[in-house]
**Student:** 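Before I ask anything, let me first share the structure, which is written out below as structure tokens.
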Amino acid sequence: SAPTRERYDRLTQATTIGAPTSPVPLIERQREWAHLQQLWTTAQQGHPHCALLTGDAGMGKTRLLTEFVTSIERQGGAALMTQCQPFTLTVAYAPLLAWLCTPLLRRRLATLTPARRAELAPLLPELAGEPVTPPTLTTLESWQRQRLYESLAHLFLTGTEPLLLALDNAQWCDQGTLDWLHYLIAAMPTVRLLVVGALSPLELRPHYPVARLQPRLQQSQVVTELPLAHLTPKGEPVKGQGLTGQQLSAAVAAQLYQVTEGNPLYLLEALRLFQVDEQRLQRTDLIANALLTSPPVQATMQLFFANLSPDAQEIAGLAAAIGSTVCFELLALAALVSHEPLLLALDELLQNRILRDAADGYVFTHYLLQQAAYRSLSS
């Protein structure tokens with residue numbers, strides 16, 4: 001019918017991505033959204049690219065990635081999303097297998113020739129013809145791995161529409177999946193493909209596969225990093241009103257910002273815990289105490305402090321007792337240690353983004369980190 005044809009033409013010829021339709025709008029993420037939209041338009045023209053959404057825990061990386069995938073699907077494009085977990089670092093091709101289990105690729109698998117299906121058997125043994133036993137991933141020769149990569153590329157890119165591959169918690173992606181994604185982008189420079197990953201720098205270790213591959217991709221200029229910044233004092237009340245449906249008073253907004261410093265996760269938890277109680281939300285001590293007992297915020301704090309040595313944990317507590325700004329000389333006197341172990345501990349705190357350099361010493365990167373470190377001290 002004519003209406004169906006008109007709808008089809010409108011969907012397949014669309015070049016721009018609509019704004020998110022969630023009841024709670026994305027606040028102060030217009031720049032990142034526009035950049036993702038531009039990269040998608042470029043990918044549609046046959047220029048593959050990789051984008052990395054980075055930022056502190058709770059900054060909304062997963063939310064932005066999910067909204068973008070939803071927009072591509074609403075436009076009528078092909079979008080596949082999966083999520084890595086810590087165990088996937090040592091499980092070969094775990095995200096790739098998750099993509100292969102999606103309805104879109106299952107339908108395409110059914111249309112493959114027997115030869116193509118046999119080449120995918122190391123990943124999907126059920127595709128091997130009986131009684132043939134397919135080679136395992138660990139026993140693949142280099143030429144067999146090349147054929148596997150080619151067959152996977154054929155399967156993923158066989159459609160007429162461009163493809164979006166989304167990977168949440170990309171810091172835990174395994175080496176095999178990264179090698180294949182690198183092959184897609186580097187060896188096939190005209191495919192219509194965009195890979196978008198959400199990555200937490202705090203949970204990224206130097207020996208992780210992503211940490212080793214990222215510099216090479218940046219040198220080849222096929223990767224763009226989009227860091228998500230904290231909300232501004234103007235943006236946080238807008239976000240709060242979107243979450244609660246109520247306008248926050250200037251006093252409440254100021255106290256919330258002092259504690260949350262524009263972190264969307266902390267703001268969400270504070271509003272959930274206090275239900276916009278104007279009287280209680282005007283006390284920073286009540287807000288901080290409640291947030292530090294909240295499971296999501298506790299889990300985030302654990303990310304910062306879990307890998308610290310005992311010396312670094314003690315120095316963090318002493319620094320928190322001194323204040324938000326820490327003078328090195330005073331910290332050295334309070335710690336009662338020589339400069340060498342103190343500098344090693346400070347280096348840990350800097351690497352774990354608990355402290356950062358300032359003109360007059362060191363400052364805590366977030367108010368709640370100072371409060372959490374202070375509470376770690378014994379009475």
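If you read the sequence from its start, that first residue is 1, and numbering goes on from there.
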**Student:** Is the number of heavy atoms from other residues, nucleotides or ligands under 6.0 Å of Y374 OH greater than 12?
**Tutor:**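 No, OH of Y374 has 12 or fewer neighbouring heavy atoms, counting only those of other groups under 6.0 Å.
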**Student:** Would you please name every residue forming a side-chain contact (heavy atoms from CB on, under 4.5 Å) with V238, sequence neighbours left out?
**Tutor:**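 Applying side-chain contact (heavy atoms from CB on, under 4.5 Å) to V238 gives I27.
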**Student:** Which residues pass the side-chain contact (heavy atoms from CB on, under 4.5 Å) test with L330, sequence neighbours left out?
**Tutor:**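 Listed in chain order: I322, C327.
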**Student:** Out of curiosity, does L355 fall in the hydrophobic cluster containing L344 (side-chain heavy atoms, cut-off under 4.5 Å, transitive links)?
**Tutor:**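 The answer is no; the residues belong to distinct hydrophobic clusters.
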**Student:** If I take atom CZ from residue R63 and atom CG from residue L26, how far apart are they, to the nearest 0.5 angstrom?
**Tutor:**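 Interatomic distance, R63 CZ to L26 CG, rounded to 0.5 Å: 4.5 Å.
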**Student:** Do L331 and V363 share a hydrophobic cluster (ILVMFWY, side-chain heavy atoms under 4.5 Å, transitive)?
**Tutor:**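 No, separate clusters.
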**Student:** Check for a donor-acceptor pair, side chain of Q370 on one end and backbone N or O of A320 on the other, with a separation under 3.5 Å.
**Tutor:**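 Yes, Q370 side chain to A320 backbone: donor-acceptor pair under 3.5 Å.
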**Student:** Taking it one step at a time, do W33 and E67 satisfy side-chain contact (heavy atoms from CB on, under 4.5 Å)?
**Tutor:** CA-CA 10 Å; W33 186 266; E67 291 281 4; 3.9 Å; yes
**Student:** Relative to the ring of Y183, is the ring of Y149 parallel (under 30°), tilted (30 to 60°) or perpendicular (over 60°)?
**Tutor:**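 If you compare the ring of Y149 with that of Y183, the planes turn out tilted.
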**Student:** Would you check if the side chain of T41 reaches a backbone N or O of Q37 as a donor-acceptor pair within less than 3.5 Å?
**Tutor:**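 Judged by distance alone, yes, a pair lies under 3.5 Å.
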**Student:** Does W180 form a ring pair (Phe, Tyr, Trp, His ring centres under 6.0 Å) with F156? I'd like the steps, not just the answer.
**Tutor:** CA-CA 12 Å; W180 178 70; F156 275 74; 4.8 Å; yes
**Student:** In plain terms, say whether E269 and R272 are close enough for a salt bridge, that is, a side-chain N and a carboxylate O under 4.0 Å apart.
**Tutor:**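 Answer for the salt bridge query: yes.
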**Student:** Report yes if the side chains of R74 and T70 come closer than 4.5 Å at any heavy-atom pair, otherwise no.
**Tutor:**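 Yes, at least one pair of side-chain atoms sits under 4.5 Å.
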**Student:** Is there side-chain contact between R117 and L124, with at least one heavy-atom pair below 4.5 Å?
**Tutor:**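 Contact flag for R117/L124 side chains = no.
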**Student:** Verify, without hydrogens or angle tests, whether T365 (side chain) and R353 (backbone) share a donor-acceptor contact under 3.5 angstrom.
**Tutor:**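 Such a contact is found between T365 side chain and R353 backbone.
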**Student:** Residues sharing F87's hydrophobic cluster, by side-chain heavy-atom contacts under 4.5 Å among ILVMFWY, directly or via others?
**Tutor:**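 Via sub-4.5 Å side-chain contacts, F87 links to V91.
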**Student:** Heavy atoms, side chains only, cut-off 4.5 Å: are L53 and V196 in contact?
**Tutor:**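 Yes. Closest side-chain heavy atoms under 4.5 Å.
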**Student:** Answer yes if the side chains of E348 and N352 hold a donor-acceptor pair under 3.5 Å, and no otherwise.
**Tutor:**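 E348 vs N352: no donor-acceptor pair found between side chains.
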**Student:** Of all the heavy-atom pairs spanning A170 and L167, show the shortest one and how long it is.
**Tutor:**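 Taking every non-hydrogen atom into account, CB-O, 3.9 Å.
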**Student:** Quick one: do the T88 and D174 side chains pair a donor with an acceptor below 3.5 Å?
**Tutor:**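 Absent: no donor and acceptor within the cut-off.
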**Student:** Can L256 be reached from L292 by stepping across I, L, V, M, F, W or Y side chains whose heavy atoms are under 4.5 Å apart?
**Tutor:**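 Shared cluster, yes.
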**Student:** Quick one: does H366's side chain have a donor or acceptor within less than 3.5 Å of a partner on T260's backbone?
**Tutor:**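 Side chain of H366 to backbone of T260: a pair is present.
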**Student:** Can you tell me which residue pairs pass the ring pair (Phe, Tyr, Trp, His ring centres under 6.0 Å) test with a partner in residues 280-326, sequence neighbours excluded?
**Tutor:**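 As it turns out, there is no ring pair (Phe, Tyr, Trp, His ring centres under 6.0 Å) pair with a partner in residues 280-326 once direct neighbours are skipped.
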**Student:** Are Y362 and L350 packed together at the side-chain level, in the sense that at least one heavy-atom pair is separated by less than 4.5 angstrom?
**Tutor:**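 Contact flag for Y362/L350 side chains = yes.
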**Student:** For a 4.5 angstrom cut-off between non-hydrogen side-chain atoms, does R192 reach H47?
**Tutor:**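 Not touching, per the 4.5 Å side-chain cut-off.
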**Student:** State, to 0.1 Å, how close L342 and F328 come at their nearest heavy-atom pair, and which atoms those are.
**Tutor:**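 Closest approach of L342 to F328, heavy atoms only: CD2-CE1, 3.6 Å.
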**Student:** Distance from L155 atom CG to R106 atom CZ, nearest 0.5 Å?
**Tutor:**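 The CG atom of L155 sits 9.5 Å away from the CZ atom of R106.
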**Student:** Take a 6.0 Å sphere around CD of Q221 and say whether it holds more than 12 heavy atoms from other residues, nucleotides or ligands.
**Tutor:**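 Atom CD in Q221 is not packed in, count stays at 12 or less.
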**Student:** Among residues at least two apart in sequence or on other chains, which ones pass side-chain contact (heavy atoms from CB on, under 4.5 Å) with N169?
**Tutor:**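 So N169 forms a side-chain contact (heavy atoms from CB on, under 4.5 Å) with Q83, C84, Q171, W172.
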**Student:** Within the 4.5 Å heavy-atom criterion, are Q255 and R283 side-chain neighbours or not?
**Tutor:**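 No - every pair of side-chain heavy atoms lies 4.5 Å or more apart.
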**Student:** Within the distance-only criterion (no hydrogens, no angle test), does the side chain of S249 pair as donor or acceptor with the backbone N or O of V252 below 3.5 angstrom?
**Tutor:**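 Pair found, side chain donor or acceptor close to backbone of V252.
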**Student:** Keeping the roles fixed (side chain from H49, backbone from L39), state whether a donor-acceptor pair exists under 3.5 Å.
**Tutor:**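 Not at all, since once roles are kept as given, no pair shorter than 3.5 Å links the two residues.
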**Student:** Does L318 share a hydrophobic cluster with L343, counting links as ILVMFWY side-chain heavy atoms below 4.5 Å and allowing steps through other members?
**Tutor:**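 Linked, L318 and L343 end up in one cluster.
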**Student:** Working to the nearest 0.5 angstrom, can you tell me the gap between L213 CG and D179 CG?
**Tutor:**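 Between atom CG of L213 and atom CG of D179 there are 7.5 Å.
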**Student:** With a 3.5 Å distance limit and no angle check, can you tell me whether Q313 reaches the backbone of P310 through a side-chain donor-acceptor pair?
**Tutor:**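 Side chain of Q313 to backbone of P310, a donor-acceptor pair under 3.5 Å: no, none is there.
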**Student:** When you compare the side chains of E28 and T232, does any donor N or O come within less than 3.5 Å of an acceptor on the partner?
**Tutor:**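 Indeed, the side chains of E28 and T232 share at least one donor-acceptor pair under 3.5 Å.
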**Student:** Of all heavy-atom pairs between L120 and S151, which one has the smallest distance, and what is that distance?
**Tutor:**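 Closest heavy-atom pair between L120 and S151: CD2-CB, 3.8 Å.
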**Student:** For atom CD of E340, decide whether the heavy atoms of other residues, nucleotides or ligands shown that lie under 6.0 angstrom number more than 12.
**Tutor:**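 It does not: E340 CD has 12 such atoms or fewer within range.
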**Student:** So how far is it from L36 CG to L65 CG, rounded to the nearest 0.5 Å?
**Tutor:**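 Spacing of CG (L36) from CG (L65) equals 8.5 Å.
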**Student:** Which heavy atom in Y367 sits nearest to a heavy atom in V259, and how many Å separate them?
**Tutor:**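 For Y367 and V259, the tightest heavy-atom pair comes out as CD2-CA, 3.8 Å.
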**Student:** So, does K239 use its side chain to make a donor-acceptor pair with the main chain of P264 at under 3.5 Å?
**Tutor:**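 Absent.
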**Student:** Below 4.5 Å, heavy atoms only, C-beta onward: do Q241 and P237 meet side chain to side chain?
**Tutor:**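 A side-chain contact is absent here, since even the closest heavy-atom pair is not under 4.5 Å.
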**Student:** For the backbone of A290 and the side chain of S294, can you confirm whether one donor and one acceptor N or O come within less than 3.5 Å of each other?
**Tutor:**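 Flag not set: sc S294 to bb A290 has no pair under 3.5 Å.
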**Student:** If you look at every heavy atom in A316 and L349, which pair is closest and at what distance?
**Tutor:**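 What the structure gives for the nearest pair is CB-CD2, 3.8 Å.
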**Student:** What are the two closest non-hydrogen atoms of A79 and I72, and how far apart are they?
**Tutor:**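 Looking at all heavy atoms of both residues, the closest pair is CB-CG2, 4.0 Å.
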**Student:** Would you call C173 and P209 a side-chain contact if the rule is heavy atoms closer than 4.5 Å?
**Tutor:**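 SC-SC contact between C173 and P209 ruled out.
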**Student:** Under 4.5 Å between side-chain heavy atoms, counting indirect links through other Ile/Leu/Val/Met/Phe/Trp/Tyr residues: same cluster for L228 and Y257 or not?
**Tutor:**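 No.
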**Student:** Determine yes or no for a side-chain-to-main-chain donor-acceptor pair under 3.5 angstrom, with R375 supplying the side chain and Q371 the backbone.
**Tutor:**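 At least one qualifying donor-acceptor pair exists.
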**Student:** Can you name the residues that form a side-chain contact (heavy atoms from CB on, under 4.5 Å) with R147, not counting sequence neighbours?
**Tutor:**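 With sequence neighbours excluded, R147 shows a side-chain contact (heavy atoms from CB on, under 4.5 Å) to E119, W143, E150, given in chain and number order.
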**Student:** Less than 3.5 Å apart, any donor N or O on the side chain of H35 or T224 sitting next to an acceptor on the other?
**Tutor:**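 No, because no side-chain N or O of H35 sits under 3.5 Å from a partner of the opposite role on T224.
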